[in-house]
Amino acid sequence: MQRVRFAPSPTGFLHIGSARTFIFNWLYARHNGGAMILRIDDTDVERNTEASLASIFEGLNWLGLGWDELYRQSDRLALHRQAAEAIFAKGLAYRDFTPATGDEGAKSRATGPWLFNSDMRELAAAESDRRAAAGEPFVLRFRVPRESRTAVAFADAVYGGQSKLTTDIEDFALLRSNGAPTYHLASCADDADLRISSIIRGQDHLSNTFKHILIFEALGVEPPRFGHLPLLVAPDGAKLSKRRHGPVVSVTTYRDRGFLSHAYVNFLCLLGWSPKDNREQLSRQELIDAFTLEGVNRANAVVNFSEEDPIDAKALWLNSQHLRAMPVDELAPLVRAELEATGLAVPYDETGLRTTVDAIRSRFFTIKDFPIRGRAYFADDFPIEADALDKLNKPGARELLRELSERLQANPEFTEQSVEADLRALADARGVKAGVLINGARAALTGQPVGPSAFTVFTAIGRDRAIARLGGV
RNA sequence: GGCGCUAUCGUCUAAUGGUUAGGACAGAGCCCUCUCAAGGCUUAAAUACGGGUUCGACUCCCGUUAGCGCUACCA
């Protein structure tokens, strides 16, 4: 059985790139009948926060896909220690007593590739043991084999054959001087223990994979398969970051903007993956059926947003498509929740709500449009837009609308057909074009110059409210 | 600096040696129409550059350029 995992570290909110990685893993698991494992990689106690963990779950829950198993790395420290000891016992790691300088990164960039400190790598075992026993702090480093083998290679499911010379791989750390495992060790030890069969993750880990393969081998297990995903970047090509790009990088932004979670999942899937048959709008099942790692491409994908508009136009379009296409039965409860969240009492029964939602949704893009642009359908206090006011201010318009209101009082059935008949009869009788009355009625009923067919508006608003609004112009 | 990865319309992408280089979003126009959307139709828009290989390159190879990633006792 295939086993894949998503392993976020709780150092911030759920990033949209992380969300996409989660989705691809989930899709892969479902497509192959495998298991989706969620593992919280919280080995960096300095940077992890419970608030961040909560916001990651918040984002994941909104996506609504779920997972099969849940683990927390901080619960598995003993396993990581054992793994480090096993590797050390095999002579595949050594103690490095060099004191931390705090600027390792700067050093390596300034002086070229830093691979290892030969004094420490070759330190006699007795001497190493003596210093450790004396309590001298050390970092446990992997002893990258450079004589016994020349390269590490693997076949990436997305990027193809990969190979790196062992002379280009540094002696990376396994254990920090405080005894805590590094990401590389903890991640591989857990992946081995959890029997992860395929690791699907961001391309920023492609170079790390050589180290990971070395660790898996040192642990005596077969390395899993790897599939790396192209990164999501900003319009200027830079990696998306909270600091520079703000809320666009958090999935909760899209939730708060009224996106349907599935539509957003659909959008994210199209960034770096394609079903190759020109389909864009796909249901969850269609995504599961179509998803393969072979369909993933290799170039980074740009999330197309701007300062003025943080939402990618295609995401918005896709959302509007799903908004129109999804069953009204599923949409109506979401609309009801949104209305109630904004303090509007829903003046419809279930059937009435569904009818109204169905009538107005083709003009809307997100759930937020219902209480805002659709306010007149749900409340009696709604703004009159300037263009609508112009229509009402046309000479004779108000009188005609009030006359229509009276005429409709004699129309008990109030169907689209009967209302239309009444309106057209009145227009004929007064010698005005029906369109003038129709557009005036829409303006009076909704406060907007645009919207659905006026007769649909009449029935959606309902007889009593419609008559009152026309009579009150 | 070293190592690795990548490069098709503005953006997301299709085309794995032979197509007038296709689709979608965004843009422009037309149709439909009680308005606005939706929908339909039309239009503009791309193979980074330079060399090869080949009868034939978006596709394969080399180089250049650009971007990204890794190069931490972060993940």
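The sequence lines fix the lettering, A, B, ..., with proteins before strands; numbering per chain opens at 1.
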Base, sugar-phosphate alone, or nothing: which one does [X] contact when heavy atoms must sit under 4.0 Å apart?
{"X": "T456(A)", "result": "nothing"}
{"X": "Q321(A)", "result": "sugar-phosphate"}
{"X": "G237(A)", "result": "sugar-phosphate"}
{"X": "S453(A)", "result": "base"}
{"X": "A434(A)", "result": "nothing"}
{"X": "F210(A)", "result": "nothing"}
{"X": "D204(A)", "result": "sugar-phosphate"}
{"X": "D277(A)", "result": "nothing"}
{"X": "K391(A)", "result": "nothing"}
{"X": "G202(A)", "result": "nothing"}
{"X": "Q162(A)", "result": "sugar-phosphate"}

Please name all residues satisfying side-chain hydrogen bond (donor to acceptor under 3.5 Å, both in side chains) with E58(A), sequence neighbours left out, ordered by chain then number. R255(A)
List in chain and number order the residues that pass side-chain hydrogen bond (donor to acceptor under 3.5 Å, both in side chains) with S250(A), two or more places apart in sequence or in another chain; answer none if no residue qualifies.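 With neighbours one apart ignored, the set is T252(A).
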What are the atom names and distances for every N/O pair under 3.5 Å that joins the protein to nucleotides 31-33 of chain B?
none

My understanding is that only residues two or more places apart in sequence, or in another chain, count here; which of them pass salt bridge (Lys or Arg N to Asp or Glu O under 4.0 Å) with R225(A)?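 Partners of R225(A) by the salt bridge (Lys or Arg N to Asp or Glu O under 4.0 Å) criterion come out as none, since no residue qualifies.
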Taking only residues two or more places apart in sequence or in another chain, which ones pass salt bridge (Lys or Arg N to Asp or Glu O under 4.0 Å) with D41(A)?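 Once residues adjacent in sequence are excluded, the partners of D41(A) under the salt bridge (Lys or Arg N to Asp or Glu O under 4.0 Å) criterion are R39(A).
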For A14(B), does OP1 or OP2 lie under 4.0 Å from any side-chain N or O of K276(A)? yes
Report yes if at least one side-chain N or O of R442(A) is closer than 4.0 Å to OP1 or OP2 of C34(B); otherwise report no. no
Regarding C70(B), can its base be found pairing with the side chain of S207(A) as donor and acceptor, where the two atoms are less than 3.5 Å apart? no
Does any N or O donor sit under 3.5 Å from an N or O acceptor when you compare the side chain of R298(A) with the base of C5(B)?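 Under the 3.5 Å cut-off, the side chain and the base do not form any donor-acceptor pair.
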Taking only residues two or more places apart in sequence or in another chain, which ones pass ring pair (Phe, Tyr, Trp, His ring centres under 6.0 Å) with [X]?
{"X": "F226(A)", "answer": "F154(A)"}
{"X": "H245(A)", "answer": "F305(A)"}
{"X": "F364(A)", "answer": "F370(A)"}
{"X": "Y28(A)", "answer": "none"}

Under a 4.0 Å heavy-atom cutoff, the residues of residues 180-193 of chain A touching RNA chain B are T182(A), Y183(A), H184(A)
Can you tell me how far [atom1] in [N] sits from the matching atom in [M], rounded to whole Å?
{"N": "A15(B)", "M": "U59(B)", "atom1": "C1'", "value": "9 Å"}
{"N": "G51(B)", "M": "A57(B)", "atom1": "P", "value": "13 Å"}
{"N": "G4(B)", "M": "U42(B)", "atom1": "P", "value": "48 Å"}

Restricting to side-chain contact (heavy atoms from CB on, under 4.5 Å), what partner residues turn up for E50(A), sequence neighbours left out?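 L53(A), R72(A).
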Pull out every protein N or O sitting under 3.5 Å from an N or O of nucleotides 22-27 of chain B, one pair per line with the distance.
residue : atom : partner : partner atom : Å
G22(B)  : N2   : N278(A) : OD1          : 3.2
G23(B)  : N2   : E280(A) : OE2          : 3.1
A24(B)  : O4'  : E280(A) : OE2          : 3.2
A24(B)  : N3   : K314(A) : NZ           : 2.9
C25(B)  : O2'  : K314(A) : N            : 3.4

